[in-house]
Structure formats: C-alpha cells, structure tokens
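A quick note: this is a predicted structure, and the numbers were derived from the prediction, not measured. Residue numbers start at 1 and run along the sequence shown. The figures here come from the full heavy-atom set of this structure, side chains too, leaving out hydrogens, waters and symmetry mates.
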Amino acid sequence: MARRMLGLDLDHRSSRSFALWFGLLGPPLAWGAHLIMGDGIFELGCARAFVHKEILGVPLSTAAIIETGLMAAIAAMAGVLSFRAWQRLRNERDGTSLDRATAMAMMGMASGAFYLVIILFGFLPSILLRACETSL
C-alpha cells in the first residue's frame, strides 16, 4: 500500500517516490538556479541604475553567500534523502522495482555529492573578489 503525505508518494519502491526523484533532480536544478541567481545578483546589483550596491538592504556579497548557502542546503538535503531511501531499500529483497529504486537512490547520492561540491565553489568569488569592480 502506497504511503502518501501532502500528495507526495513516500513509498521508496514506487516509481513516483518523492525522495528518489528529488534526490536525482534536486541537485542539478539547485545548481542551475545557483548559476542564474548568482549571476543575476551582480548583474542587477552592479547596474548603473543602482545607487546603493545592495538588494533589499543586503550587501551584494552577503546576498550571494545567502543564495549559495540555500542552494547548497537543497543539494545536501537531496543527497541525504537519497541516502535514507537507499538505507531502507538495502534490507528489502526481490523485484525489479527494488533494483530501479536502488539505482535511483545511488544516483541521487552521487548527484547530491557532485553538485554540492560544485555549488560550494560558489562561495569562493563572494569571499575572494570585490563586488562591482571593473577589470583591468
């Protein structure tokens, strides 16, 4: 019997399992959002029309750190959900659905780790570079 909460399928063997699909697709979507929002913060914030180099009273560097932290948290949470699903699936036996679910859980863990590292590199420009400076 399928377990559901808030319209989400919580059965880890199901082809509609929230944990498996979020674990697989959450990290690359978080990375894509990080690329768009991270560049957008400085594109908009450093425009000539902005008198103060801040967004909603938050300095651009701080906004970039907050955005990077949120996207890293999403990628990490997706990896953790995949790991928990994999732990539950390890004890089960029998069936094609188990093989598919196990493969999705393992790919979700790999996806979470890979994209988390890429997103964490987004902290470096905010820490090492100054916002809104022109190049040589």
Side-chain angles (χ1 to χ4, degrees):
M1 179 173 198
R3 296 180 351 207
R4 297 183 73 77
M5 181 189 320
L6 301 173
L8 301 174
D9 196 346
L10 300 178
D11 181 17
H12 296 299
R13 287 182 77 157
S14 170
S15 62
R16 296 180 180 172
S17 170
F18 173 75
L20 295 177
W21 282 107
F22 180 67
L24 196 61
L25 299 176
L29 291 175
W31 175 65
H34 169 67
L35 287 177
I36 292 169
M37 288 190 297
D39 288 343
I41 286 171
F42 291 104
E43 282 293 323
L44 294 175
C46 294
R48 290 183 183 177
F50 273 71
V51 177
H52 303 288
K53 302 302 180 196
E54 53 190 35
I55 298 175
L56 299 174
V58 178
L60 294 178
S61 295
T62 305
I65 289 172
I66 291 169
E67 179 269 328
T68 302
L70 287 174
M71 294 303 118
I74 290 171
M77 184 171 49
V80 168
L81 280 175
S82 290
F83 178 71
R84 290 184 63 206
W86 177 73
Q87 281 184 321
R88 289 188 184 126
L89 290 168
R90 279 191 320 195
N91 298 328
E92 296 184 22
R93 299 282 181 261
D94 186 38
T96 305
S97 65
L98 176 64
D99 294 339
R100 179 202 38 81
T102 303
M104 284 182 72
M106 292 176 74
M107 290 304 298
M109 289 187 293
S111 175
F114 178 74
Y115 285 103
L116 178 61
V117 169
I118 292 174
I119 292 170
L120 289 177
F121 276 115
F123 279 118
L124 293 178
S126 300
I127 295 169
L128 300 175
L129 302 175
R130 293 187 187 145
C132 301
E133 283 191 0
T134 58
S135 59
L136 299 174

Exercise. Kindly write out the residues that satisfy side chain to side chain contact (heavy atoms under 4.5 Å, CB included) with F83, not counting sequence neighbours, or none if the list is empty.
Key: W86, Q87, M109
Self-check item: Those residues that, when tested against A33, pass side chain to side chain contact (heavy atoms under 4.5 Å, CB included) (two or more places apart)
Solution: M37, M71
Specify the closest pair of heavy atoms between [X] and [Y], including all atoms of both residues, with the distance to one decimal.
{"X": "G112", "Y": "P27", "answer": "CA-CG, 3.6 Å"}
{"X": "S111", "Y": "L24", "answer": "OG-O, 3.5 Å"}
{"X": "A63", "Y": "V58", "answer": "N-CG1, 3.7 Å"}
{"X": "L120", "Y": "A72", "answer": "CD2-CB, 3.9 Å"}

In terms of hydrophobic clustering (I, L, V, M, F, W, Y; side-chain heavy atoms under 4.5 Å; direct or indirect links), are [X] and [Y] co-clustered?
{"X": "W21", "Y": "M107", "result": "yes"}
{"X": "I127", "Y": "L60", "result": "no"}
{"X": "L70", "Y": "L81", "result": "yes"}
{"X": "V80", "Y": "I74", "result": "no"}
{"X": "F121", "Y": "F114", "result": "no"}

Gap between atom [atom2] of [Y] and atom [atom1] of [X] - 0.5 Å precision:
{"X": "R88", "Y": "T102", "atom1": "CZ", "atom2": "OG1", "answer": "13.5 Å"}
{"X": "I118", "Y": "L35", "atom1": "CD1", "atom2": "CG", "answer": "9.0 Å"}
{"X": "S82", "Y": "M106", "atom1": "OG", "atom2": "CE", "answer": "11.5 Å"}
{"X": "I36", "Y": "W31", "atom1": "CD1", "atom2": "CH2", "answer": "10.0 Å"}

